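Take a look at the structure set out below.
Basis for what follows: all heavy atoms, side chains included, without hydrogens, waters or symmetry-related copies. Every chain is numbered from 1, with letters handed out A, B, ... down the list of sequences. Note that the structure is predicted; figures quoted are calculated from it, not measured.
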There are 2 protein chains.
Amino acid sequence: MKQVLEPESLSSPAITSPQNFHALEVESIDLFVRIAQFIGFPKSYGEIYGLLFTSSNPLSLDDICARLNMSKGSASQGLKALRGVHAVKITYVPGDRRDRFELEGNIRLLMQGFIQERLEPGIRDLGMRIESLSLKVNDLQNGEKKRYNDRLGKLRNWHKQAQKIMPAVERLLGG
Amino acid sequence: MKQVLEPESLSSPAITSPQNFHALEVESIDLFVRIAQFIGFPKSYGEIYGLLFTSSNPLSLDDICARLNMSKGSASQGLKALRGVHAVKITYVPGDRRDRFELEGNIRLLMQGFIQERLEPGIRDLGMRIESLSLKVNDLQNGEKKRYNDRLGKLRNWHKQAQKIMPAVERLLGG
DNA sequence: CACTTTGTTCAATATTTTTTGAACAAAATA
DNA sequence: TATTTTGTTCAAAAAATATTGAACAAAGTG
């Protein structure tokens, strides 16, 4: 029943021997490490994603630990987070008890997850803070109040623009 | 010649006594600390920006250190970085030897700096990496090549969209 | 010129974040 | 049932990042 090949075309047993990467694999993983850092994820997340990107078949937790020389804890946490942003999914391989992990088909899903779970809440939170400030400015004397309101006005305006562009960002990058 | 008032309406000498913040000031600074963290700046940068946001007049390096209870080194570095993204500028106050720092009038300038000096180079770098990968994929066997190209194609496509939306982002947030 | 004031730099320190690995729980096996 | 296999959690260790502070250079002052 278990017809899943060991990863890549190497003859050495993938689970016990770590590393052994093609130049191409290294470069792929490197790319996703950068992307991870770019959006504020730990680089181990990028490594995992990169490894799955290069892999032609779903990998188990142990595969990932072994090939990336990474602890089970890290791999587990990373996979959990990546699943959280829909970057990775679990595949059930009949006849194998272990979970197998692979990429969600589309990079857009990852971006959608990132936008919806990080970017948008962040912007919403800023909006609430700006509103809260705006309310409290009323307690100031007139001169101070005006000056403060000027600056807050610009900030509020900027925030409005940020909200305005979000749907387009989401449509293009995650739609 | 020196007609710059001490910051805020407090009677205590601003330079020697740290803290002494209004609730409003605390909340403002807090807001900008969040914004800083949001875009990956150290929180000290946010503190400085927030303090300048609340201040009705340009502050000296020492003012900033004293009020934020922050070392000269941090303040100096933070101001340098903030000037780098056009968030803060130096004002010369005749009769005062010290530099005085204040916000650039427009938050848009900050965003422009951030977009141009962080976001865009990051995206450009990703593009180069993706291209480099694409070239090397040619060395693979046919099956592998196809699979890799499929995934890379999606990635490249996504990157194209990211580039496409950048001008709009820049126009709305930093224009 | 010697002395002060001001801002910068960078090695050392402190803080924050990430990673590890051992303990644990859940589920499968025998 | 006891044993193994698998994945998660979280306190502790390691690594990365930010902050400090003392040494320094540049420019002003007397």
Inset, instruction - Show the numbers, then the answer: is there a salt bridge (charged side-chain N to carboxylate O under 4.0 Å, His left out) between Glu27(B) and Arg129(A)? - result: CA-CA 8 Å; Glu27(B) 201 168 325; Arg129(A) 285 168 183 278; over 6 Å; no
How close or far is atom [atom2] of [N] from atom [atom1] of [X], stated in whole angstroms?
{"X": "Leu61(A)", "N": "dT20(C)", "atom1": "CG", "atom2": "C1'", "value": "14 Å"}
{"X": "Leu59(A)", "N": "dG7(D)", "atom1": "CG", "atom2": "C1'", "value": "16 Å"}
{"X": "Leu68(A)", "N": "dT18(C)", "atom1": "CG", "atom2": "C1'", "value": "15 Å"}
{"X": "Leu79(B)", "N": "dT9(C)", "atom1": "CG", "atom2": "P", "value": "12 Å"}
{"X": "Arg98(A)", "N": "dT8(D)", "atom1": "CZ", "atom2": "C1'", "value": "17 Å"}
{"X": "Ile48(B)", "N": "dG7(C)", "atom1": "CD1", "atom2": "P", "value": "13 Å"}

Could you tell me the separation between the [atom1] atom of [X] and the [atom2] atom of [Y], rounded to the nearest 0.5 Å?
{"X": "Glu47(A)", "Y": "Arg67(A)", "atom1": "CD", "atom2": "CZ", "answer": "12.5 Å"}
{"X": "Ile39(B)", "Y": "Arg34(B)", "atom1": "CD1", "atom2": "CZ", "answer": "15.0 Å"}
{"X": "Arg151(A)", "Y": "Leu52(B)", "atom1": "CZ", "atom2": "CG", "answer": "8.0 Å"}

Inset, instruction - Classify every nucleotide of nucleotides 25-30 of chain C by which part a protein heavy atom approaches to under 4.0 Å, writing B for the base, S for the sugar-phosphate alone and - for neither, in 5'-to-3' order. - result: ---SS-
Legend entry - Under 4.0 Å protein heavy-atom contacts per nucleotide of nucleotides 15-23 of chain D, with B for base, S for backbone only and - for none: ---SBBB--
Legend entry - Residue pair Leu61(A) / Asp99(A), side-chain heavy-atom distance below 4.5 Å: no
Inset, instruction - Evaluate the side-chain proximity of Asp125(B) to Glu120(B): yes if any heavy-atom separation is below 4.5 Å, no if none is. - result: no
Legend entry - Short side-chain N/O contact to dT8(D) OP1/OP2 from Arg83(A), under 4.0 Å: yes
Does [Y] offer a backbone N or O that forms a donor-acceptor pair with the side chain of [X] under 3.5 Å?
{"X": "His159(B)", "Y": "Ile123(B)", "value": "yes"}
{"X": "Glu102(B)", "Y": "Pro58(B)", "value": "no"}
{"X": "Ser74(B)", "Y": "Met70(B)", "value": "no"}
{"X": "Asp150(A)", "Y": "Arg147(A)", "value": "no"}

Inset, instruction - Enter the inter-axis angle for the ends of the helix from dC1(C)-dG30(D) to dA30(C)-dT1(D) (five pairs per end, rounded to 10°). - result: 10°
Inset, instruction - Taking only the side-chain heavy atoms of Lys80(B) (C-beta and beyond), determine which of dG7(C), dT9(C), dT8(D) contains the nearest atom. - result: dT9(C)
Inset, instruction - Could you walk me through whether Thr54(A) and Tyr148(B) pass the side-chain hydrogen bond (donor to acceptor under 3.5 Å, both in side chains) test, one step at a time? - result: CA-CA 7 Å; Thr54(A) 65; Tyr148(B) 231 102; 5.0 Å; no
